[in-house]
Amino acid sequence: MDYNFKEIEQKWQNYWEQNKTFKTPEDLTNPRKCYVLDMFPYPSGAGLHVGHPEGYTATDIYSRYKRMKGFNVLHPMGWDAFGLPAEQYAIQTGTHPSITTKNNCDTFRRQIKELGLSYDWDKEINTTDPLYFKWTQWIFIRLFNTWFDEKLQKGRPVNELTIPEEIKELGDREIRKYIDSKRLAYYDNAQVWWCPSCRIVCANEEVLNDGSHEKCGNIVEKKNLKQWMLRIPLYAERLLKGIDDLDWPEGIKDMQRNWIGRSTGAEVDFRIDGTDDNLTVFTTRPDTLFGATYMVIAPEHRIVNKITTVECRKQVDEYIRMAALKSDLDRTDLAKEKTGVFTGRYAINPVNNKLVPIWVADYVLTGYGTGAIMAVPAHDTRDFEFAQKFNLPILCIQDPDVQDQDQRNRILAGAECWTEDGKYINSSDKVTGIDINGLSKEAGIKKMTDWLESKNLGKAKINYKLRDWLFSRQRYWGEPFPVIHWEDGEITVLSDDELPLELPPLEHYLPGETGESPLANAGEWLNVTDKNGRKGRRETNTMPQWAGSCWYYLRFIDAHNNESIFDREKEKYWMPVDLYIGGAEHAVLHLLYSRFWHKVLYDLGIVSTDEPYKKLFNQGMILAFAYENGAGAKIPADQIEERDGKFYNTENGSEVRQIVAKMSKSLKNVVNPDDVVNRYGADSLRLYEMFIGPLDVMKPWDDRNVKGVFNFLSRSFRFFSNPENISIAADDNELLKGLHKTIKKVGDDIESLKFNTAISEMMIFLNLVYKKGKVSKDTACRFTLILSPFAPHLAEELWQMLGNEKSLAYEPWPEYDEQYLKEDTIEYPVSFNGKMRFLIELPADMPAEEIRKAVLADERSAKWIGSSAPANVIVVPKKIVNVVVK
RNA sequence: GCCCGGAUGGCGGAAUUGGUAGACGCGCUGGUCUCAAACACCAGUGGCAGCGAUGCUGUGCCGGUUCGAUCCCGGCUCCGGGUACCA
């Protein structure tokens, strides 16, 4: 019988839908649970591309396998549906984004359903649904009403915040300001990146290295705007520590660690000569204070104006003006060459009371540390470059740990920079009493930090690169903030029973040029009055797209609960997510933001786990062939013809080069899964996505190779659907060995997400089946079961043809029998001096000494041994024999 | 620059983590079936030499450890991802 995949796939998709086969179990007593989650997609107008089904198939195989292993499985899907494209479309056409969004979701849902993925569609969620974002707003209110207790390293409700007496004395307004200064969510004037083209602010993370906006590619500029910010750095330590225990790829863990960017050092106070002011710097090398020959402060530093002397005023003002301008231009090229000016002022080095000049330079960033540094040019490459350029003194204070005497002399003379370890020199002062000469780096840092603390000149300090998270956007199509700005300056959040705050209908969706959200035009919606007649205005910014995806995994647990965010017992049962699969492009931001929210919810007692995602796995990107001509211009893939392994442009017949590249519209090399489903069926698509290579690496898509897995499925179907091939006799030992080996390998490989080798093992078994010609019904059934997570439609059909009535989705996974995996004999490879020469079959339990004798006695050995006795014979039982001949 | 990851036949990729390199699939070659083709089935397929048995060679490059290295160590080259004056 022919493999009619169209009919089979339609039949079983209908069956699963009608029977709600994959409905999540309600029973929470099964101790074996498994929450398998995909990163939910943004439903774009372009529909699915073959990158989506890669991760979805992997989680689907895993979920189906776990069900068969007796687990309660939660495997949901939903839509991260707020976002710019639907809004841009609304601006152009006037179509409400909710309509565009609904259409796109419908397309995605249809395409996903055609892949036979075992989602529980009753749990579908959509971030744009008011019944969903009601709870996003609810969480925002929690963030607003939470402060971080540094002592307990824990978020706590603001009503548990102790107001210092001196603040209380200043009255309500100051108390309010104090509380606001502690909230995890705060509203503030912030210098932000602004994209004039999108008319939207961007988080630092959304601005690329070349100063362009990642969404549109246009150059962003700096602006001062009132924005909502989240104090994620308060959780830096928790977020960093938590990484250690996660079962995530090490590379992703490293990326998160680097992003958090913890560095230990000290803050040191320098008195400013001739003023009462101090200049505090952060340094990771307090031990090099004796080498600090000048100071640098960022152009934006508050103190610049105050300390600049009359003589230097003009040049400093000019420099600051230039620096501000420069940050608006392409920063990368200009950033290489160091610039700066002298303020005319000196600071006093606390270790030896020497005067050091204070400079302004933009290589010191305002946002990190204190925005000021002590420069140690002899031991810091950036300071060294700067000092050389401006002829500032370079004092070596660490005798370098190098062999090369010339290099050592250069370093000692201040002609070369040394950043490694060495013994301190020139590092003592009789008056101040500090002396670290002769110590090495680690001891020097310790001694200097202790000394600074004891003299009250500084303190040990930990700094993080992680910045406050800019959390508002000037957009219509996002979650409205449940916030009112009152005329007296107070900011309040709505009460829970006023949620959801829905988006008002609008006629025009275009944001204002000055940074006003389109919501500013929503007159009726905008203005509110409280019961005392106080006037207020709703927040017109909306939340960024991250908001909805920060917590969606929690809503899946109890998707339609309108009384609470989710049922506590259900949350306790299902959390944490056991397996989370998605693209590495979310390695830092989504996962970090999401972990942050989760930790706050944990601190507030809303969720039961400290971390949301126990095991994370990143699928590799799927690439596709693209073509370029001699000049490097890209030629669309549909305009290429292959002849004799060479590729030609059909337009003009010229030869082009085949390259492998990301799928993109401009290269016209996007593969649409619908085409593959039509030609070969969903099971073939699923199988090919998995067979193409390991899940976590990049791999090129090649349509021609789909044939390989299609052949395998057709062969499977043709063989097992034919009653003549099913024998009533028992299988022979060879077949049973093959079967049990396959059962073991496939199970092990699914557990470790190595689907490509699982599939090849099944192919090997099918080849054996063809060789045998007939198999028992029992073997046919077991093979069908292990194939089912990979090719579920085909497997259900075969299962039915083999006489089973119910769906196989909850059939127990076949057990393998060790007895068939044991080998009685082993084909020992025999090597001479490491080169394999022949195989010898020996009993598996033969002792090493016997093996040695048997090998040496074999006539084939004589040729390689020669006349003298072998120098050595290595016997590794069950592995190999190696004879060493001189 | 720094931090990760990678390099294996014509191609996608295997290799129990130190023990027969190239599983499985694509492609290609030959055969069976067919009037013919497609499909299907069977066989072969890293390179070089040889009719052949077989031999030599071979996992980006150079060196090392080892009875034995795709795997471990040292030094490079190239490719990919992240990040960037973070003091």
Side-chain angles (χ1 to χ4, degrees), chain A residues 2 209 249-259 261-263 265 281-285 288 296 331-332 335-338 361-365 367-376 379-383 385-386 463-467 584-585 587-588 618 620-621 623 645 658 660 687-688 691-694 696-712 714-715 718 745 748 754 756-767 770-771 827-839 863 870-876 878-885:
Chain A
D2 270 349
N209 292 336
E250 282 307 317
I252 302 297
K253 290 165 88 167
D254 276 334
M255 280 165 69
Q256 292 229 341
R257 289 190 188 105
N258 291 341
W259 195 265
R262 182 188 207 263
S263 60
V281 299
F282 172 71
T283 176
T284 55
R285 296 292 303 273
T288 59
V296 186
R331 295 169 305 158
T332 38
K336 301 295 169 210
E337 186 71 8
K338 296 225 173 358
D362 65 1
Y363 83 89
V364 172
L365 307 175
Y368 183 77
T370 62
I373 61 155
M374 62 179 214
V376 185
H379 304 289
D380 179 285
T381 47
R382 293 154 304 180
D383 298 343
E385 277 173 36
F386 191 82
N463 245 305
Y464 302 91
K465 279 202 281 189
L466 191 62
R467 313 280 174 85
E585 65 272 21
V588 176
N618 291 115
M621 204 184 314
L623 308 172
Q658 189 184 53
V660 170
L687 220 60
Y688 180 61
F691 187 64
I692 187 170
D696 56 345
V697 303
M698 278 198 193
K699 42 214 167 243
W701 183 277
D702 189 349
D703 269 331
R704 287 173 300 190
N705 286 333
V706 181
K707 233 184 100 179
V709 292
F710 175 77
N711 284 347
F712 165 68
S714 320
R715 275 158 64 86
R718 276 201 312 274
K745 175 82 175 155
D748 290 353
K754 285 154 66 179
N756 54 332
T757 48
I759 294 166
S760 96
E761 195 67 27
M762 291 188 284
M763 289 173 165
I764 293 170
F765 180 69
L766 188 69
N767 289 342
Y770 266 76
K771 199 175 108 186
E827 287 236 291
Y828 279 99
V830 180
S831 322
F832 292 82
N833 293 339
K835 276 186 185 141
M836 209 285 283
R837 296 302 179 183
F838 61 86
L839 295 169
K863 180 177 171 188
N872 197 3
V873 181
I874 315 283
V875 177
V876 184
K878 300 197 157 91
K879 294 264 180 183
I880 199 173
V881 178
N882 188 22
V883 183
V884 185
V885 189

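Protein chains get the first letters and strands the later ones, always in sequence-line order, with residue 1 at the start of each.
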(request) State which of B/G81, B/A87, B/A40 makes the closest approach to the side chain of A/Met698. (result) B/G81
(request) Sticking with atom P, work out how far B/G30 lies from B/G80, rounded to a whole angstrom. (result) 39 Å
(message) Considering every strand and a 4.0 Å limit on heavy-atom distances, what is the contact class for A/Ile692: base, sugar-phosphate, or nothing?
(response) sugar-phosphate
(message) I'd like the C1' distance from B/U59 over to B/G52, given in whole Å.
(response) 29 Å
(message) Say we look at B/C71 and B/U65: how far apart would their P atoms be, to the nearest angstrom?
(response) 15 Å
(message) I'd like the C1' distance from B/C11 over to B/U16, given in whole Å.
(response) 26 Å
(request) State the dot-bracket string of RNA chain B. Criteria: Watson-Crick or G-U wobble, both atom distances under 3.5 angstrom; notation: ( ) intrastrand, [ ] crossing earlier pairs, | interstrand, . unpaired. (result) (((((((..(((......[....)))((((((.......))))))((((....))))..(((((..]....))))))))))))....
(message) Roughly how many Å apart are B/U54 and B/G22, using the P atom of each and rounding to a whole number?
(response) 16 Å
(request) Using ring-ring contact (aromatic ring centres under 6.0 Å, His included) as the criterion, list what pairs up with A/Phe765, not counting sequence neighbours. (result) A/Phe783
(request) Please list, chain by chain and in numerical order, all residues satisfying salt bridge (charged side-chain N to carboxylate O under 4.0 Å, His left out) with A/Asp383, sequence neighbours excluded. (result) none
(request) Would you mind classifying the nucleic acid contact of A/Ser263 as base, sugar-phosphate or nothing, using non-hydrogen atoms under 4.0 angstrom? (result) sugar-phosphate
(request) Report which part of the nucleic acid A/Arg262 touches: base, sugar-phosphate, or nothing (heavy-atom distance under 4.0 Å, all strands). (result) nothing
(message) How long is the straight-line distance from CD of A/Glu761 back to CG of A/Asn756, given to the nearest 0.5 Å?
(response) 12.0 Å
(request) Going 5' to 3' through nucleotides 18-29 of chain B, assign each nucleotide B (protein heavy atom under 4.0 Å from a base atom), S (under 4.0 Å only from sugar-phosphate atoms) or - (no protein heavy atom that close). (result) -BB--BBSSS--
(message) Just to verify, what does A/Phe838 make a ring-ring contact (aromatic ring centres under 6.0 Å, His included) with, not counting sequence neighbours?
(response) none
(message) Work out how far the P atom of B/C2 is from that of B/U29, and round it to whole angstrom.
(response) 50 Å
(message) Going by the rule ring-ring contact (aromatic ring centres under 6.0 Å, His included), which residues pair with A/Tyr363 if we only count those two or more places apart in sequence or in a different chain?
(response) A/Phe386
(request) Check salt bridge (charged side-chain N to carboxylate O under 4.0 Å, His left out) between A/Lys253 and all other residues, then give those that pass, not counting sequence neighbours. (result) A/Glu250
(request) Between B/G55, B/C85, B/A87, spot the one nearest the side chain of A/Tyr363, thanks. (result) B/C85
(request) Taking ring-ring contact (aromatic ring centres under 6.0 Å, His included) as the test, write out the residues that go with A/Phe712, two or more places apart. (result) none
(message) If you assign each of A/Met621 and A/Glu250 to its closest nucleotide in RNA chain B, which residue comes earlier from the 5' end?
(response) A/Glu250
(message) Suppose we screen for salt bridge (charged side-chain N to carboxylate O under 4.0 Å, His left out). Which residues come up paired with A/Asp254, at least two apart in sequence or across chains?
(response) A/Arg257
